[in-house]
Amino acid sequence: MTPLEEAFNLDPFVFKFIVLPILIFMARIMDVSINTVRIIFMLHSKKLLSTVLGFFEALIWLLAISQIFQNLSSWPTYIAYAGGFASGILVGMLIEEKLAIGRVVVRVITRQPAEELIKYFEKNSYRYSSVDAISDEGEVNILFTVIKREDLKSTVQEIKRFNPKAFYTVEGVKKVSDDDISDEKGFGFRKNLMKRVF
């Protein structure tokens with residue numbers, strides 16, 4: 001009997017074919033979710049957070065895989081391991097969406113005057129650039145702005161309200177140069193993270 005079996009003090013069959021697969025499934029969800037979030041932090045140069053998350057990710061994975069090797073005859077553990085991995089990807093993506101960390105570049109190309117959209121940018125204190133250009137369909141106006149990812153949904157809604165036929169693109173930004181952007185600094189970033197998590 002393994003230490004884990006002794007801790008649960010259950011019938012060996014129940015532990016091996018029910019409890020252990022559930023534990024492995026949950027462990028895989030945790031470590032894969034942590035991995036997804038860790039990668040996001042790495043892309044945003046959050047070295048300390050990425051390192052701490054990497055430690056816990058590896059620790060949880062080792063605990064899960066050690067139980068697999070101690071119970072090689074239990075096929076439900078294999079299913080639980082794979083199922084936890086797949087579920088962890090989904091959970092990690094959902095967490096990443098909720099955190100909405102970082103900034104994005106939004107480019108809007110429109111044939112109609114963009115004064116109304118510019119007013120929206122100014123009202124929300126978005127820095128922007130407006131460029132007159134020529135496309136294969138004639139004269140167009142191109143707007144560039146860098147916004148927080150958490151503001152992307154409302155900005156896209158405003159773009160569609162302004163001009164449903166406007167062409168826009170969105171790209172992630174690793175770093176920005178403004179000194180007054182608090183979430184690129186340590187304290188502001190942690191404050192925003194805690195606010196989004198809790």
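Just so you know, residue 1 is the first one in the sequence shown, and it goes up from there.
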| Where is the tightest heavy-atom contact between S33 and G92, given as atom of each residue plus distance? | OG-N, 3.7 Å
| query | Taking all atoms of both residues into account, what is the closest heavy-atom pair of F25 and S87, and its distance? | reply | CZ-OG, 3.5 Å
| query | Could you walk me through whether V108 and V106 pass the side chain to side chain contact (heavy atoms under 4.5 Å, CB included) check? | reply | CA-CA 7 Å; V108 184; V106 179; 4.0 Å; yes
Any salt bridge between [X] and [Y], counting N to O under 4.0 Å?
{"X": "R161", "Y": "E158", "answer": "yes"}
{"X": "R149", "Y": "E96", "answer": "yes"}
{"X": "E139", "Y": "R111", "answer": "no"}

| What do you reckon, is OH of Y78 surrounded by more than 12 foreign heavy atoms closer than 6.0 Å? | yes
| Neighbour count >12 (heavy atoms, 6.0 Å) for atom CZ, F162 | yes
| field | Over-ring placement of R28 relative to Y81, 6.0 Å and 45° cut-offs | value | yes
| request: Could you walk me through whether I118 and S130 pass the side chain to side chain contact (heavy atoms under 4.5 Å, CB included) test, one step at a time? | output: CA-CA 9 Å; I118 288 173; S130 177; 4.3 Å; yes
| In Å and rounded to the nearest 0.5 Å, what is the CD to CD1 distance from Q67 to I24? | 6.5 Å
| message | Would you compute the distance between atom CG of L20 and atom OG1 of T77 and round it to the nearest 0.5 angstrom? | response | 6.0 Å
| task | For N124 and Y126, indicate whether the former's side chain and the latter's backbone hold a donor-acceptor pair under 3.5 Å. | result | no
| message | Check whether S50 reaches the backbone of M42 with its side chain - one donor and one acceptor, N or O, closer than 3.5 Å. | response | yes
| Can you list the steps and then say if F167 with T169 is a side chain to side chain contact (heavy atoms under 4.5 Å, CB included)? | CA-CA 7 Å; F167 177 80; T169 61; 3.6 Å; yes
| message | Less than 3.5 Å apart, any donor N or O on the side chain of N141 or D132 sitting next to an acceptor on the other? | response | yes
| message | Pair V104, V146 - check side chain to side chain contact (heavy atoms under 4.5 Å, CB included), show working. | response | CA-CA 6 Å; V104 292; V146 178; over 6 Å; no
